[in-house]
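Note that the structure is predicted; figures quoted are calculated from it, not measured. Read the numbers this way: they start at 1 and go in the same order the structure lists the ligands and their atoms. Scope of the values below: all heavy atoms of this structure, side chains included, with no hydrogens, waters or symmetry mates.
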Amino acid sequence: MISKKMKKDLEKQLNHEFYSAYLYLAMSAYCSNKDFNGAANWFKMQYEEEHMHATKIYNYLIEQGMHVSLKAIAKPPKNFGTILNVFELSLEHEQMMTSRLNNLSDLALKSKDHATYNLLQWFVNEQVEEEASVSEIISKLKLVKEDGYGLLMIDNELATRSTPAAIA
Ligand code: FEO
């Protein structure tokens with residue numbers, strides 16, 4: 001059994017994960033429109049991953065016997081600037097998600113809610129991976145700057161990202 005406050009906070013996080021999915025779908029649409037089809041694929045995979053994150057929290061709340069309250073999902077932006085800007089915004093967003101998850105972990109520890117703490121540690125670890133992979137793409141984009149061939153190579157690499165493995 002989790003506390004009322006923890007339920008509310010996890011529902012908020014569930015909403016943030018759905019917003020992340022929506023944001024990445026908007027980024028994918030933007031990249032498609034700019035003919036960066038590899039980047040569009042990368043963000044579409046990210047969308048799927050965020051959807052699974054939301055589902056993981058939802059499943060946990062259900063397992064805890066909660067009646068889940070779903071909130072409206074905010075509208076994401078439509079335009080994101082250069083391809084580098086899109087990935088920089090993605091990193092900024094992930095850093096904000098990390099900070100939220102750290103705060104939630106603090107709360108779980110403080111209230112001795114070890115089951116929720118365990119769940120959140122999975123997310124905290126996932127954030128390390130997410131931030132690292134976006135940072136790597138940003139470094140490559142900064143390296144090639146406006147060089148068309150370099151951008152094409154990176155876009156081809158981003159096209160190879162495949163559907164994320166299902167999350168338990
Ligand atoms: Fe599920 Fe990328 O935060």
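Under 2.8 Å from atom 2 (Fe) of ligand 1, one finds the following protein N/O/S atoms: Glu50 OE2, Glu94 OE1, Glu94 OE2, Glu130 OE1.
More than 12 heavy-atom neighbours from other residues, nucleotides or ligands sit within 6.0 angstrom of CD on Gln121.
Within the 3.5 Å criterion, the main-chain N or O of Ser111 finds no donor-acceptor partner in the side chain of Tyr117.
Between atom OG of residue Ser99 and atom CE of residue Met96 there is a gap of 8.5 Å, rounded to the nearest 0.5 Å. His93 NE2 to Tyr24 OH: the interatomic distance, rounded to the nearest 0.5 Å, is 5.0 Å.
Taking the six-membered ring for Trp and the full ring otherwise, the centers of Phe87 and Phe80 sit at least 6.0 Å from each other.
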ring-ring contact (aromatic ring centres under 6.0 Å, His included) assessment of Phe18 paired with His51: CA-CA 6 Å; Phe18 272 128; His51 191 271; 5.6 Å; yes
